[in-house]
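First the proteins, then the strands, lettered A, B, ... as listed; each starts at 1.
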Amino acid sequence: MEYNFREVEKKWLSYWEKNKTFRTVEDPSKPKYYVLDMFPYPSGAGLHVGHPLGYFASDIYARYMRLKGYNVLHPMGFDAFGLPAEQYAIQTGTHPAVTTEKNIRKYREQLGKLGFSFDWDREVVTADPAYYKWTQWTFIQLYKSWYNYDKCKARPIDELIGIFEKEGNVHVNAACSDVKTFTAEEWKNFSEKEQQEILMNYRLAYLSDTWVNWCPALGTVLANDEVKDGFSERGGHPVERKKMKQWFLRITAYAQRLLDGLDTIDWSESIKEVQRNWIGRSEGAVVFFDIDGHKEQLEIFTTRPDTLFGATFMVLAPEHPVIRRITTPEHRDEVEEYIKTAVNRSERDRIADVKKITGVFTGAYAINPVNNEKIPIWVAEYVLAGYGTGAIMAVPAHDSRDFAFARHFNLPVIQVVTREKNKEEDPATWEDSYDSKEGWLINSGILNGMTVQEAIPAIIDHLKKQNRGYGKVNFRLRDAIFSRQRYWGEPFPVYYKEGIPYTLDEDQLPLELPEVDKYLPTEKGEPPLARAKNWSTPEGYPLETNTMPGFAGSSGYYLRYMDPHNDKEYFSKEAVSYWQNVDLYVGGDEHATGHLIYSRFWNKFLYDLGLSVTEEPFKKLVNQGKILGRSSFVYRVNLEKYAEYLLWQMIRNAGEAENVIRNYRDGNRRFDFYHTPSRLIIEIKSQEKLEKPESYYEDYIRHTGNRLLLLPIHDIIYMTDDIMEDIRQAIEDTAHGHVFFDDHKKKIRTLNPLFVSKNIKDREQWSTPLHVDINMVHNDELDIEAFRKWRPEFENAEFILEEDGKYICGWEIEKMSKSKHNVQTPDELVEKYGADVLRMYEMFLGPIEQSKPWDTNGIEGISRFTKKFWRLFHDQDNRMVVTEEKATDEELKILHKTIKKVREDYERLSFHTAVSSFMICTNDLSSLKCHKREILEPLVILISPLAPLMAEELWENLGHQPSISFAPLPDHDEKYLAEDTFEYPVSFNGKMRFKIVLPVDISADEAEKAVLQAPQAQKWIEGKAVKKVIFVPKRIINVVVK
RNA sequence: GCCCGGAUGGCGGAAUUGGUAGACGCGCUGGACUUAAAAUCCAGUGGUCAUUUGACCGUGCGGGUUCAAGUCCCGCUCCGGGUACCA
């Protein structure tokens, strides 16, 4: 009898549930540790083995920290709003809440079997009104806040109103959309509507009319990170640009803090880099250019103000408002035409031909403020309206895009930065511009002779003094569009009075999602909420019909876990000051520019409000790699191609190859084979076509005098001997005008589907791969019976097998998906091997951060290991055999070595090497037949994070009270690891030659002597001079000989 | 194009600080037990050569630093991911 994991696992899973073993409460006597997984969106497909990978890792770490004496918060919940449930509702009419609840139940059930130590009492579901009440509440706070750059902090909007009333907005240094200055007097005279419009420019949640990513197929607006290459990330529908009124979050106010914060957190360098790029800070200057003959000025942003003297033209984005005012009459038509096509072009089309250089001259000129040169103003698509000021000064000598543009339109190029000091080149000979910031200035008036680094502050200073510009930092980061035209999301706590938005009072929250008759936009194109009856306040003011995007609910969920049942506050002061923030966050790196930016912003805002107590929400982030599917393929034979191939082989074997043309063409007719000497055409036909040969054959034969032999596919494949006989007859029997296939052989024969094994020669010429369910394939061998049952049409399938009689499948690494039949669910594996084995196996696949293909082959090894570990405690009849005998030094050494190594591995989340250490330890103890409590008991605690269910059982059987989860983690004792001797590898010139055992405390001189006298050494020293001996204690001895 | 990762046996991977390359597992080969199979156990398993002791080669490629390089430096190749007219 061996380890009965089914019974044991069931027992402990229900024990944990019944006793709420992992229920966590704030306990100031213990240090806290917060381990969080990115909560899943519960899709209808359920979990596959890839999902729990990160959960296993975090659970192992959470359990490890618990053993170390930490009070560990380890919650789980569901990101429940989202498109799939809504799409499903549109198709079937099922309320998304129903679908979502069903899916959550399924996820809970699946997760429940895997041995996690989640505190389910803290579960949060973003679609639950008790939860989204606080999402709405936060929105209201954002709406009622502005960002004060002087204090680097969000502040109440009332404070801003106070300032306006006192002194207008002249001294206000705020994050805001475009505003004109006004005095206190003017402010007081503005109407309510005007005041509200001005305040909207300052609010951290604001309404604005902008170009958005509109996805007609989904009927909604998408955020930038939801669009990939001009298509929606979900569903892959085309996305267009459209001007709409939308809610925004002023995340750009936090750009600098989001950037600076990255240096304080323990995240992978790569994901920090992605965020840095996304935030896209660039330092430069704003410069004002006069427009010749106009009062207006052109404001541009540049990161290279040092190259200002090299500006030879200006370029405006097609959307730039000034274009129409400055374009000269003779250029008007051309410019209008250009703008029209450019603006209407979708994002997708623009991306499609990035390389194409287009542009048009306005006829107007700008004046370079440093040298008063007149330079032409152009309009071109390569300048984007959304970045900087939508206008640039073009310095073709030192910017590759400007350079390409100048070349294309034959505009002048002036070098102002040289590679070597005072060494001017001829830009006409250049293939590309010189963009580097290494260099010296020339042709630049006051800047001449300076380095680029010196010139930048000098020119900014100069411009500032002249009132012609100033230094500025620009960010690529855009404000986040917060409106979605969907049903299944949080309603905005907003109503409209005379077109002006107002937020609901906090006591009116949550504003629950209304029922609607259909989950589609209205006939007028309004969002689905417009279908709801009485969607208005009690006073009759209409409520907002947009809903919030997916990232709304996930931006603050980690805070809500701290105090999930609080209906008075988002979370209590006590809870947050105890739990602080997430110590370890585990999840996929696909959220780098979405969730992980938004929630950092969300947290910083709540921090400014004094709610969150830390600036950053996630101290350490680990991105688990994706588990990819390993698809299996069978190769379906294309029967016609196969028959052709076989026949050709037969012809060649018969020695007729030189007389036969394959793929014979006559005019525009093509035939399979043509036997030249006997003028015989051979055509391979399916049975149906043989029944009624096409009439043109008769005509063709009559006209050309060629003869024709029609052969059925079936006979070529299954009656090869007869076929060659038929062909031979036809060749010789030249008397016949034409030879149709013999009638007597013409019985109806059905052709069964035929499949060919992977390693059959030339297989790829006449077969096509077909995904098969990976459950029918074991070590790449196909279970033919299972395959026949898989699909009715393959019931009578036939197979071309390998020499050893097996059908071997091909394979490929791809994303796991239903359509590829490569999805492995955890359920099947838990059923077969148990949760502990699955946990350890997923860890054993390799480093947690690495993507890896799923492969079930190795799981047997973990299963064997588990049984072997169990046998350290039990005899063949499953009786405990643990003894109280004193352990030997050797056994103690194995134990303490393992404790040391495994603790180190846990500490650095290297769980695959931890499992391997346990294997080594188990192998060693097995061969020593060690069954001693002194050794085994600490090992049970040590293995419990990896295999918690088995560990609980062993712990109880060893006479302890459950649960092992809070047992003290064993520590290693160096004294058991100490050795008197060390086996030194001895190398000569760096090559290891032999080993020698020496005392650990040996001196370098003694070691050298011992090595040089060793008999094995003589061979290597002989005839050579020993130049040097390197002795590294407890490492190596290297002898340098020459 | 730019920015990050990565490349080690048949496969997943180990080597944490420059110090015995290939731990551990899978797979494979042979053996024991068995009527047989499964399970289990034992032995072998980077390549080439050598009957043995053993020798040489070997961490994508080319160079370098060092007593010593998978690890550090320079130059490439290939693979994966991100991003893209961001001035």
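What separates CE of A:Met840 from P of B:G25 is a distance of 13 Å, to the nearest Å. Nucleotide B:C3 holds its P atom 10 Å from the CG atom of A:Asn277, rounded to whole Å. The nearest whole Å value for the distance from the CD1 atom in A:Ile271 to the C1' atom in B:C3 is 15 Å. For the pair A:Arg476 CZ and B:G82 P, the interatomic distance rounds to 15 Å; values are reported in whole Å. As a whole-Å value, the separation of A:Glu381 CD from B:A84 P is 17 Å. Counting to the nearest Å, the P atom of B:C4 and the CG atom of A:Asn623 are 17 Å from each other. Remark: P of B:C67 and CD of A:Glu1008 are 16 Å apart, rounded to the nearest angstrom. Rounded to an integer number of Å, the gap from NZ of A:Lys897 to P of B:C24 is 11 Å.
With P as the reference atom, B:U45 and B:G10 are 15 Å apart, rounded to whole Å. Across the P atoms, B:C4 and B:U8 are found 22 Å apart, a figure rounded to whole Å. The same atom, C1', is picked in B:A84 and in B:G1; the two are 8 Å apart, to the nearest Å. For the C1' atom pair drawn from B:A15 and B:A68, the interatomic distance equals 16 Å after rounding to whole Å. As rounded to the nearest Å, B:U52 and B:G18 have C1' atoms that lie 36 Å from one another. Between B:C79 and B:U53, the two C1' atoms lie 44 Å apart (nearest whole Å). Across the P atoms, B:G63 and B:G12 are found 28 Å apart, a figure rounded to whole Å. One C1' atom belongs to B:A23, the other to B:C73, and the distance between them is 29 Å to the nearest Å.
A:Arg281 comes within contact range of no nucleotide atom at all, as no heavy-atom separation falls under 4.0 Å. Across all strands, A:Lys867 comes closer than 4.0 Å to no nucleic acid atom at all (heavy-atom distances). Within 4.0 Å (heavy atoms only), A:Trp267 reaches no atom of the nucleic acid at all.
Taking side-chain N and O atoms only, A:Arg276 has no distance below 4.0 Å to OP1 or OP2 of B:C2. Contact annotation: A:Asn923 side-chain N/O to B:G25 OP1/OP2 distance is under 4.0 Å.
In this structure, the salt bridge (charged side-chain N to carboxylate O under 4.0 Å, His left out) partners of A:Lys867, at least two apart in sequence or on a different chain, are A:Glu2. Residues satisfying the salt bridge (charged side-chain N to carboxylate O under 4.0 Å, His left out) criterion with A:Lys995, sequence neighbours excluded, are absent altogether. Applying the salt bridge (charged side-chain N to carboxylate O under 4.0 Å, His left out) criterion to A:Asp399, with sequence neighbours excluded, gives A:Arg401. A:Ser282 meets the side chain to side chain contact (heavy atoms under 4.5 Å, CB included) test with A:Phe301, A:Thr303, A:Tyr387, A:Asn474; sequence neighbours excluded. Taking the side-chain hydrogen bond (donor to acceptor under 3.5 Å, both in side chains) definition, one finds that A:Glu269 meets it with A:Arg276, sequence neighbours left out. Not counting sequence neighbours, A:Asp924 has no partner by the salt bridge (charged side-chain N to carboxylate O under 4.0 Å, His left out) test. With sequence neighbours excluded, no residue satisfies side-chain hydrogen bond (donor to acceptor under 3.5 Å, both in side chains) with A:His591. For A:Leu53, the side chain to side chain contact (heavy atoms under 4.5 Å, CB included) criterion is met by A:Gln624, A:Ile627, A:Glu842, A:Met843, A:Ile848, A:Lys852, not counting sequence neighbours.
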Between N or O atoms, less than 3.5 Å apart, protein on one side and nucleotides 41-49 of chain B on the other: list the pairs.
residue, atom, partner, partner atom, Å
B:C41, OP1, A:Arg871, NH2, 3.3

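Checked against B:C56, B:A87, B:C67, the side chain of A:Arg993 finds its nearest nucleotide in B:C56.
When each of A:Val370, A:Ile460, A:Thr389, A:Leu308 is paired with A:Val287, the side-chain contact (heavy atoms from CB on, under 4.5 Å) condition holds for A:Leu308 and for no other.
Positionally, the nearest nucleotide of RNA chain B for A:Ile859 lies more toward the 5' end than for the other of A:Trp1020 and A:Ile859. Map A:Glu273 and A:Ser282 each onto its nearest nucleotide of RNA chain B; the residue landing nearer the 5' end is A:Glu273.
If you look at A:Phe405 and A:Phe313, their ring centroids are closer than 6.0 Å.
Environment of CD in A:Glu983: crowded, with over 12 heavy atoms of neighbouring residues, nucleotides or ligands closer than 6.0 Å.
Residue A:Tyr833 holds its OH atom at 9.0 Å from CZ of A:Phe5, rounded to the nearest 0.5 Å.
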- Message: Let's go through A:Trp378 and A:Phe409 carefully: what are the C-alpha distance in whole Å and the side-chain angles of both, what is the deciding distance for ring-ring contact (aromatic ring centres under 6.0 Å, His included) to 0.1 Å, and is it a yes or a no?
- Response: CA-CA 10 Å; A:Trp378 286 66; A:Phe409 291 105; 4.6 Å; yes

- Could you walk me through whether A:Asp905 and A:Lys901 pass the salt bridge (Lys or Arg N to Asp or Glu O under 4.0 Å) test, one step at a time? CA-CA 6 Å; A:Asp905 287 344; A:Lys901 177 74 167 73; 2.9 Å; yes

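Aromatic ring pairs are classed by plane angle as parallel below 30°, tilted from 30° to 60° and perpendicular above 60°; the pair A:Phe988 and A:Phe994 is tilted. Ring planes of A:Phe873 and A:Phe869: tilted class, angle from 30 to 60°.
B:G9: glycosidic angle within 90° of 0, hence syn.
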- Query: Along nucleotides 10-19 of chain B, 5' to 3', which nucleotides get a B, which get an S, and which get a -, given that the test is a protein heavy-atom distance under 4.0 Å?
  - Reply: --BSSSB--B

- Item | Under 4.0 Å protein heavy-atom contact, by nucleotide of nucleotides 59-66 of chain B - B base, S sugar-phosphate only | --------

- Message: Only Watson-Crick and G-U wobble pairs with both distances less than 3.5 Å should count. Give RNA chain B in dot-bracket notation, marking inter-strand partners with |.
- Response: (((((((..(((......[....)))((((((.......))))))((((....))))..(((((..]....))))))))))))....

